[in-house]
Amino acid sequence: MTELYTFIMEFRGGTYTSQVKASSIEDSLQQWTKKLKLEMSQITFLGSTTLSEIEKHILGTDPEEQPIALMGLTNIWFLSVYTNNGKAAINIIKTAQ
């Protein structure tokens, strides 16, 4: 069953929001990085090198670079990624349709 996930990313002074449908939080990360590639031109300061860094971090296996469920909340995760071009703070919300 696919669910809707909302991604809110703060990056270098801007806030960028997108949504993907996925079967799990892990799958949503893969879907979001694909969508981020398509939306890259709309995000100030986000180039292909920085996008590759973000993708490497969130799709990797290091548990410290995976989304963390926020304590006391349901279906909300947080993830921060440090790149050579700045920090990306990413909130992920499993959204009711």
Side-chain angles (χ1 to χ4, degrees):
M1 174 185 223
T2 59
E3 303 284 347
L4 185 65
Y5 290 84
T6 301
F7 283 75
I8 303 167
M9 178 176 74
E10 294 181 28
F11 181 69
R12 296 202 52 184
T15 303
Y16 308 94
T17 306
S18 58
Q19 294 182 310
V20 297
K21 289 189 176 184
S23 59
S24 66
I25 183 69
E26 294 81 14
D27 184 38
S28 76
L29 294 170
Q30 292 180 357
Q31 299 304 319
W32 181 68
T33 56
K34 290 177 187 176
K35 189 165 191 176
L36 199 56
K37 287 178 186 177
L38 299 174
E39 297 174 346
M40 186 171 64
S41 65
Q42 300 172 34
I43 302 173
T44 307
F45 304 112
L46 183 64
S48 58
T49 301
T50 303
L51 180 59
S52 292
E53 287 180 83
I54 291 171
E55 188 174 36
K56 177 185 166 193
H57 285 285
I58 68 174
L59 298 180
T61 57
D62 186 344
E64 291 188 17
E65 296 177 342
Q66 298 301 306
I68 298 170
L70 298 182
M71 190 174 2
L73 300 174
T74 303
N75 296 325
I76 301 177
W77 298 264
F78 177 78
L79 170 67
S80 60
V81 176
Y82 294 89
T83 72
N84 289 331
N85 198 19
K87 175 185 172 185
I90 306 162
N91 290 283
I92 308 164
I93 304 158
K94 185 175 172 183
T95 312
Q97 295 185 51

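The distance from the NZ atom of Lys34 to the CG atom of Leu29 is 12.0 Å, given to the nearest 0.5 Å. One distance of note links CD of Glu26 with CG of Leu59; it measures 11.0 Å at 0.5 Å rounding. A distance of 12.5 Å separates CD1 of Ile93 from OG1 of Thr74, quoted to the nearest 0.5 Å. Between the OG1 atom of Thr17 and the CD atom of Glu39 there is a distance of 9.5 Å, given to the nearest 0.5 Å. With values rounded to the nearest 0.5 angstrom, Thr6 atom OG1 is found 3.5 Å from Gln19 atom CD. Summarising the geometry, atom NZ belonging to Lys35 is positioned 10.5 Å from atom NZ belonging to Lys21; distances are rounded to the nearest 0.5 Å.
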- How far apart are the C-alpha atoms of Met9 and Thr15, what are their side-chain angles, what is the distance that settles it, and do they pass the side-chain contact (heavy atoms from CB on, under 4.5 Å) test? CA-CA 6 Å; Met9 178 176 74; Thr15 303; over 6 Å; no

- side-chain contact (heavy atoms from CB on, under 4.5 Å) between Ser23 and Met1, worked out: CA-CA 6 Å; Ser23 59; Met1 174 185 223; over 6 Å; no

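Checked against side chain to side chain donor-acceptor pair (under 3.5 Å), Gln42 has no partners two or more places apart in sequence or in another chain. Here Glu10 pairs with nothing under the side chain to side chain donor-acceptor pair (under 3.5 Å) rule; sequence neighbours left out. Residues meeting the side chain to side chain donor-acceptor pair (under 3.5 Å) test with Lys94, sequence neighbours left out: none. Qualifying side chain to side chain donor-acceptor pair (under 3.5 Å) partners for Ser18, counting only residues two or more places apart in sequence or in other chains: Trp32.
By the 4.5 Å heavy-atom criterion applied to side chains, Ile90 and Ile8 are not counted as neighbours. Using a 4.5 Å heavy-atom cutoff, the side chains of Tyr5 and Asn75 are not in contact.
Ile76 and Leu79 end up in different hydrophobic clusters when Ile, Leu, Val, Met, Phe, Trp and Tyr side chains are linked at under 4.5 Å. Side-chain heavy atoms closer than 4.5 Å link hydrophobic residues (I, L, V, M, F, W, Y) into clusters, and following such links, possibly through other members, connects Val20 to Tyr16. By the rule that hydrophobic residues join a cluster once side-chain heavy atoms approach within less than 4.5 Å of another member, Phe78 and Leu73 end up as members of one cluster.
Here salt bridge (Lys or Arg N to Asp or Glu O under 4.0 Å) pairs that include residues 69-78, with residues two or more places apart or in two chains, number zero.
The local environment of OH in Tyr82 is sparse, with at most 12 non-hydrogen atoms from other residues, nucleotides or ligands closer than 6.0 Å.
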When the side chains of residues 43-56 are checked against the rest of the protein, which donor-acceptor pairs come out under 3.5 Å, sequence neighbours left out?
unit_1: Ser52; atom_1: OG; unit_2: Ser48; atom_2: O; d: 3.0
unit_1: Glu53; atom_1: OE1; unit_2: Asn84; atom_2: N; d: 3.1
unit_1: Glu55; atom_1: OE2; unit_2: Lys37; atom_2: NZ; d: 3.3

